[in-house]
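Just so it is clear, the values below take in all heavy atoms, side chains as well, and ignore hydrogens, waters and symmetry mates. Since this is a predicted model, take the numbers as computed values, not measurements. Every chain is numbered from 1, with letters handed out A, B, ... down the list of sequences.
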Amino acid sequence: MSTKSRDKRQQMLMLAPALIFLGLLIVVPFFMSIGLSFTDQRLVPRPIPTRFVGFTNYERLFDDPLFWKAVGNTALFAALVVPFQLFISLSVALVLNTALPFRGMFRAISVFPLLLPMSVVVAIWAVIYRIPTGPLNAIYQFFAGSEAYIDFIGSSSTAMVSLVVLSAWATFPYQMLIYLAGLQDIPGDQYEAAQLDGANAWQRFLYVTWPGLRNVNIFLLIITTIQALKLFTQVSIMTKGGPNGATTTIIYYLFQQGYTTQKVGYASAVAVIFFLAVVSIALLQRIILKNEGET
Amino acid sequence: MADVRFTRFRKAFGSVEVIPELDLHVPDGSFTVLVGPSGCGKSTLLRSIAGLEEASSGAIEIGGEDVTHLDPAERGVAMVFQSYALYPHMTVRENIGFGLKLSGLPKEEIAARVEEAASTLQLTHLLERKPKALSGGQRQRVAIGRAIVRKPRVFLFDEPLSNLDASLRGQMRVELAELHSRLGATMVYVTHDQVEAMTLADQIVVLNGGKIEQVGAPMELYQKPKTPFVAGFIGSPTMNFVEGAPAKALGGAKIGIRPEHIDITQGGGMWTGQLRHVEHLGGETLAYVEVPGIGSMTVKREGDTQWEPGQQVHLTPREGCLHVF
């Protein structure tokens with residue numbers, strides 16, 4: 001055996017454990033779910049064998065108003081949380097990038113939410129949102145009178161916004177760290193040149209910082225959107241999709257169909273549609289933003 | 001146009017004093033070069049004129065006006081950075097016109113002044129390009145264009161040629177000199193390259209450890225260096241120094257002799273040494289001679305020579321060309 005092919009064999013052996021795990025946990029289920037979406041597979045095996053049902057699951061899916069409501073909710077959540085979260089991340093990054101006293105300490109504190117499991121984050125915010133005497137309602141009562149309160153989680157008009165705020169708080173440090181790295185990548189002398197050109201702080205942000213963050217923005221827009229579309233944990237723990245379906249997202253709908261009602265075939269169809277949607281949105285964002293940069 | 005004056009200027013970063021008290025006058029319309037080794041404070045001095053560094057104490061005047069506490073944009077200065085500091089997402093036209101746009105000038109006037117600067121610097125055909133599509137020399141010209149379009153009272157250059165290759169550097173040096181004589185503007189230029197200093201300046205300021213060693217015209221510094229540091233810094237190759245008994249024989253504690261002022265002969269010289277190494281540069285030849293009791297001496301000769309390493313030679317310093325310290 002030549003050295004080259006022995007090297008190759010050794011490499012494959014080294015890679016094998018990781019590849020087998022990846023294959024079993026990601027690739028196989030991915031293709032399985034495509035296959036299952038054309039069957040009437042149930043979660044718990046039945047006496048009647050599983051049948052091939054063609055596109056029936058997809059047809060039912062497109063006729064299901066609850067599915068479309070979930071699509072709408074997910075889109076709304078993404079449309080609210082992505083700009084909000086990126087705005088917070090960039091603002092904090094800008095502050096932490098200045099010559100702030102105790103900067104290291106503030107940087108460490110700002111990453112704190114990332115260290116908490118989502119269940120703990122939800123528990124914290126459940127206290128903040130509590131009725132009628134949570135901290136947020138205490139502030140509200142200060143302005144609106146002692147009897148008034150807002151049912152942040154229980155009212156269909158505020159439940160989604162409450163989830164948006166909670167989610168942005170829980171995960172913004174990730175985007176913030178990437179912004180911070182992006183800010184440190186912008187050469188300092190560009191700011192000095194702008195200063196000599198007479199640019200004030202806002203103009204320096206507009207003409208140096210913002211264009212300098214272009215690639216970072218594209219990346220963060222795409223991953224934050226994907227992250228938002230996958231919203232599940234917060235909904236599952238805090239609102240259970242309610243009230244009245246107001247926070248049922250696509251993934252929560254998928255979970256309900258696959259586990260609560262045990263229709264695995266149908267849930268797989270939801271997963272396939274979701275996958276295609278996410279990939280298309282990411283590609284679309286990439287193409288639009290790339291074209292903009294060329295002009 | 002305006003002169004620049006430092007009065008009892010001092011700059012410290014925390015507890016580190018970069019520039020202890022210093023006085024300096026840059027005459028109106030002069031091309032003044034601040035030169036010195038790394039960390040001598042020359043860039044700090046330049047950035048202080050720009051307002052990018054604040055004086056720890058003392059004052060800076062531009063054209064008689066105290067600018068010590070003015071913002072960079074209010075000082076009427078323009079600066080060319082070592083890295084050019086062009087805005088990467090703007091075209092050449094936008095880069096050059098950016099300062100004018102911020103100052104709220106009408107569009108037609110901005111366009112006219114950008115065109116004028118571009119034609120001065122032969123950039124007209126590149127106006128719609130972005131910096132990444134330009135060569136190093138072209139970027140350099142855009143950076144200069146950005147400075148001249150604002151018609152500043154003082155131009156500041158922070159090692160502007162150090163990122164260019166040798167031949168381009170020579171060419172840009174000539175262009176800068178021409179630009180200075182055409183505009184007649186006050187220019188302050190920082191470099192660690194003594195060739196740039198000698199060729200561009202009408203006034204050189206030699207800095208060492210934040211202190212001014214000497215101020216003067218290039219040839220004055222070459223011919224009459226006040227300190228061994230200036231003598232060693234100006235001129236290439238570096239001046240030879242003789243100390244101890246051989247120096248005493250010539251009438252001083254420390255004697256400096258430039259390599260071009262030593263005669264080399266086969267017999268009958270003042271010192272005898274052995275040729276260690278010879279460099280043939282084409283137009284001139286450098287000989288490195290090991291002289292017992294003195295050390296290594298460099299000798300420069302026009303044209304080519306037949307010198308061979310290992311050869312025994314005799315050296316004689318030329319009459320009237322000794323620098324006694």
Side-chain angles (χ1 to χ4, degrees), chain A residues 86-87 90 93-94 97-105 178-222 285-295, chain B residues 14 43 46-54 70-91 94-105 110 128 130-133 139 142-147 149-150 152-160 163:
Chain A
L86 290 185
F87 177 77
L90 179 56
L94 284 171
N97 197 40
T98 56
L100 197 71
F102 305 111
R103 185 168 66 171
M105 192 183 77
I178 294 175
Y179 268 132
L180 203 53
L183 288 173
Q184 282 163 5
D185 244 16
I186 302 174
D189 52 16
Q190 279 186 28
Y191 289 101
E192 293 182 341
Q195 229 177 320
L196 279 159
D197 272 334
N200 58 33
W202 166 244
Q203 287 164 328
R204 289 201 291 276
F205 174 79
L206 200 64
Y207 293 111
V208 179
T209 310
W210 188 247
L213 288 175
R214 200 191 127 68
N215 288 332
V216 173
N217 269 325
I218 292 176
F219 172 71
L220 286 182
L221 192 59
I222 291 173
Q285 281 182 338
R286 179 81 200 143
I287 291 166
I288 292 172
L289 291 167
K290 204 167 181 179
N291 284 344
E292 229 172 59
E294 301 302 321
T295 52
Chain B
S43 281
L46 189 82
R47 292 167 57 81
S48 303
I49 303 176
L52 297 173
E53 303 289 354
E54 211 179 328
L70 287 188
D71 280 342
E74 295 168 344
R75 297 185 177 205
V77 301
M79 182 154 162
V80 175
F81 292 83
Q82 181 174 3
S83 63
Y84 319 135
L86 302 178
Y87 310 116
H89 57 283
M90 295 185 196
T91 61
E94 289 162 340
N95 260 290
I96 297 178
F98 185 61
L100 303 180
K101 180 178 151 188
L102 291 184
S103 69
L105 235 54
I110 297 177
E128 306 312 325
K130 295 230 173 118
K132 68 175 177 211
R139 284 179 204 180
V142 176
I144 295 171
R146 192 164 65 178
V149 79
R150 297 179 43 214
R153 297 192 286 177
V154 179
F155 285 85
L156 308 172
F157 296 90
D158 190 4
E159 309 213 21
N163 286 346

[X] versus chain A, heavy atoms under 4.5 Å apart: side chain, backbone, both or neither?
{"X": "B:Val80", "answer": "neither"}
{"X": "B:Arg47", "answer": "side chain"}
{"X": "B:Leu100", "answer": "neither"}

- Say you draw a straight line from CH2 of A:Trp210 to NE2 of B:His89; how long is it, rounded to the nearest 0.5 Å?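 Answer for the CH2-NE2 pair, A:Trp210 versus B:His89, is 12.5 Å.
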
- Task: Could you tell me the separation between the CE atom of B:Met79 and the CD atom of A:Glu192, rounded to the nearest 0.5 Å?
- Result: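 B:Met79 CE to A:Glu192 CD: 6.5 Å, rounded to 0.5 Å.
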
- Query: Got B:Arg150 and A:Asp197 here, is their nearest side-chain heavy-atom distance under 4.5 Å?
  - Reply: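 Side chain of B:Arg150 against side chain of A:Asp197, heavy atoms only: contact under 4.5 Å found.
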
- Query: Which pairs with one or both residues in residues 179-203 of chain A pass ring pair (Phe, Tyr, Trp, His ring centres under 6.0 Å), sequence neighbours excluded?
  - Reply: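 For residues 179-203 of chain A, and leaving out neighbouring residues, the ring pair (Phe, Tyr, Trp, His ring centres under 6.0 Å) pairs sorted by first residue read A:Trp202-A:Phe205.
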
- Item | Heavy-atom pairs under 4.5 Å with chain A, option from B:Ala50, B:Ala73, B:Ala85 with the top count |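 Answer, by heavy-atom pair count under 4.5 Å with chain A: B:Ala85.
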
- For residues A:Gly198 and B:Leu102, report the shortest heavy-atom separation together with the two atoms involved.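 Shortest heavy-atom separation between A:Gly198 and B:Leu102 comes out as C-CD1, 3.8 Å.
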
- Query: If every non-hydrogen atom of A:Leu196 is compared with every non-hydrogen atom of B:Pro72, which pair is closest and at what distance?
  - Reply: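 Distance-wise, the nearest heavy atoms are CD2-CB, 3.9 Å.
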
- Query: So, the side chain of B:Tyr87 versus the backbone of A:Ala194: is there a donor-acceptor pair under 3.5 Å, distance only?
  - Reply: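 Here the side-chain-to-backbone pair exists.
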
- Message: Between B:Arg146 (side chain only) and A:Ala193 (backbone N and O only), is there a donor and an acceptor less than 3.5 Å apart?
- Response: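 Checked: no pair found.
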
- Item | Part of A:Gln203 lying under 4.5 Å from any heavy atom of chain B |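 For A:Gln203, side-chain heavy atoms alone lie under 4.5 Å from chain B.
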
- Item | Sorted by number, residues from residues 180-190 of chain A in contact with chain B (heavy atoms, under 4.5 Å) |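 Heavy-atom contacts from residues 180-190 of chain A to chain B are A:Asp189, A:Gln190.
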
